[in-house]
Amino acid sequence: MPAAEKFQETIQAVRWTDGAVEMLDQRLLPHTEAYLHLATAAEVAAGIRDMAVRGAPAIGIAAAYGVVLAARARYAEDPAGWREAVAADLEVLAAARPTAVNLFWALERMGRCLAGLEGDPVPALLDEARRIHEEDIAANHRMGELGAALIEGPCGVLTHCNTGSLATGGFGTALGVIRQGFAEGRITEVFADETRPWLQGARLTAWELVHDHIPATLIADSAAALVMRSGKVGWVIVGSDRIAANGDVANKIGTYQLAVAARYHGVKFMVVAPTSTVDMAVPDGAAIPIETRAGEEVASLGGQRVAAPGVQAWNPVFDVTPAELVDAIVTERGVVRSPDRAGMAAMMGV
Ligand SMILES: CSC[C@H]1O[C@H](OP(=O)(O)O)[C@H](O)[C@@H]1O
């Protein structure tokens with residue numbers, strides 16, 4: 001397929017355009033492609049909170065551009081005292097969502113950049129935000145190579161949620177491995193979980209796979225174990241929002257049960273995430289903050305309430321998969337097989 005037709009060459013989750021942040025509103029996909037044009041850090045924070053943009057690396061990249069917007073506004077207001085005001089804007093961005101550590105990683109990196117700046121901070125901060133964006137894309141291609149090499153294949157794979165260009169700077173983490181594995185003939189077909197309640201799989205992953213002409217079958221989340229039992233998949237390949245120091249993995253709700261079923265059925269389990277998703281300050285998965293969103297997201301479908309009136313709904317949107325159920329963690333720095341604390345520390349160089 002000519003490069004220009006590839007998904008990541010035509011669609012970006014978030015980008016800096018003409019002095020503003022353009023954020024593809026993923027709540028409307030795949031049937032409507034509309035970009036939000038955001039001029040303030042508060043608007044970027046709202047876009048993250050309300051999941052116009054989602055996906056751990058994409059959230060971090062959006063926040064980085066949000067810091068540029070904040071610094072530009074605050075420096076214009078007060079060229080002498082802008083730093084204090086920007087610190088408050090960074091707090092607003094940090095409060096947008098709690099689980100994806102990429103958000104906090106990006107804010108800390110942008111904070112280190114602005115600390116040493118004199119005069120107008122915007123050019124240097126914009127360069128740093130663009131580096132974060134470009135480094136993420138490069139990391140995804142490297143992880144694609146490393147992860148695909150683990151798949152002897154040819155085989156089918158199963159994936160959960162969306163980990164493609166829409167969740168990152170471009171190409172994707174787990175979906176990047178799938179793109180690379182398909183290109184190398186190691187992967188023959190993809191089973192994509194719909195990923196209730198927000199339907200990242202049905203709406204976003206399916207859209208990316210169909211666009212790139214990768215054979216994809218959409219399944220209900222509850223059909224995943226049956227697919228594994230059928231022998232049609234050799235690997236489950238997922239992303240992550242935060243990986244603890246011992247290799248425990250926080251990811252979209254439903255990932256944990258996929259790992260249990262995979263182990264039971266002898267299907268290998270791969271987690272693909274850049275090192276900006278690894279949080280060595282968190283000792284294990286129990287310490288990872290898990291976001292719980294409004295129960296109405298579970299009780300509704302397509303914006304219409306389908307659940308019985310009066311019933312309560314519980315909506316944790318992430319869960320933690322213990323490291324012992326993970327066969328490999330793939331980052332841009334390398335692969336940790338059967339991850340544990342020692343393996344994670346060695347890969348992270350700490
Ligand atoms: C490439 S990380 C994508 C990661 O983010 C998703 O969560 P959400 O859509 O709520 O931001 C999911 O956990 C994916 O694995």
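Indexing begins at 1, ligand by ligand and atom by atom, following the structure's order. For this chain, numbers begin at 1 and follow the sequence in order.
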task: Using the ring of F318 (Phe, Tyr or Trp, six-membered ring only), decide whether K252 places NZ or CZ under 6.0 Å from its centre and within 45 degrees of its axis.
output: yes
message: Working to the nearest 0.5 angstrom, can you tell me the gap between M110 CE and L125 CG?
response: 4.5 Å
- prompt: Who's closest to atom 4 (C) of ligand 1 heavy-atom-wise, of T163, T99, D241?
  reply: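 Comparing heavy atoms across T163, T99, D241, the nearest one to atom 4 (C) of ligand 1 lies in D241.
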Per atom 12 (C) of ligand 1, closest listed option by heavy atom (A174, G176, C161, A273): C161
Among all protein heavy atoms, pick the one closest to [atom] and tell me residue, atom and distance.
{"atom": "atom 14 (C) of ligand 1", "result": "N251 OD1, 3.5 Å"}
{"atom": "atom 11 (O) of ligand 1", "result": "G55 N, 2.8 Å"}
{"atom": "atom 1 (C) of ligand 1", "result": "T173 OG1, 3.3 Å"}

field: K252, any N or O under 3.5 Å of ligand 1 N or O
entry: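 N/O-N/O distance under 3.5 Å: yes.
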query: Does an N or O anywhere in T168 fall below 3.5 Å from an N or O of ligand 1?
result: no
message: Please find the pair of heavy atoms, one from T159 and one from A174, that lie closest to each other, and give the distance.
response: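 Closest approach of T159 to A174: OG1-CB, 4.3 Å.
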[X] near ligand 1 by a heavy-atom separation under 4.0 Å:
{"X": "V238", "result": "no"}
{"X": "N162", "result": "yes"}
{"X": "A58", "result": "no"}
{"X": "W198", "result": "no"}
{"X": "R97", "result": "yes"}
{"X": "M51", "result": "yes"}

Check: N162/R54 side-chain N/O donor and acceptor closer than 3.5 Å: yes
- request: Pick one of side chain, backbone, both or neither for how S240 approaches ligand 1, counting any non-hydrogen atom pair under 4.0 Å.
  value: backbone
task: Carefully, step by step, assess R131 and E135 under the rule salt bridge (charged side-chain N to carboxylate O under 4.0 Å, His left out).
output: CA-CA 6 Å; R131 273 191 291 272; E135 287 170 11; 5.2 Å; no
- prompt: Any donor-acceptor pair under 3.5 Å linking the side chain of R15 with the backbone of T17?
  reply: no
message: I'd like to know if E208 and R179 make a salt bridge, using a cut-off of under 4.0 Å between side-chain N and carboxylate O.
response: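 Counted as a salt bridge, because a side-chain N and a carboxylate O are separated by less than 4.0 Å.
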message: Please identify which of these residues, I290, N251, I288, meets the side chain to side chain contact (heavy atoms under 4.5 Å, CB included) condition with R242.
response: I288
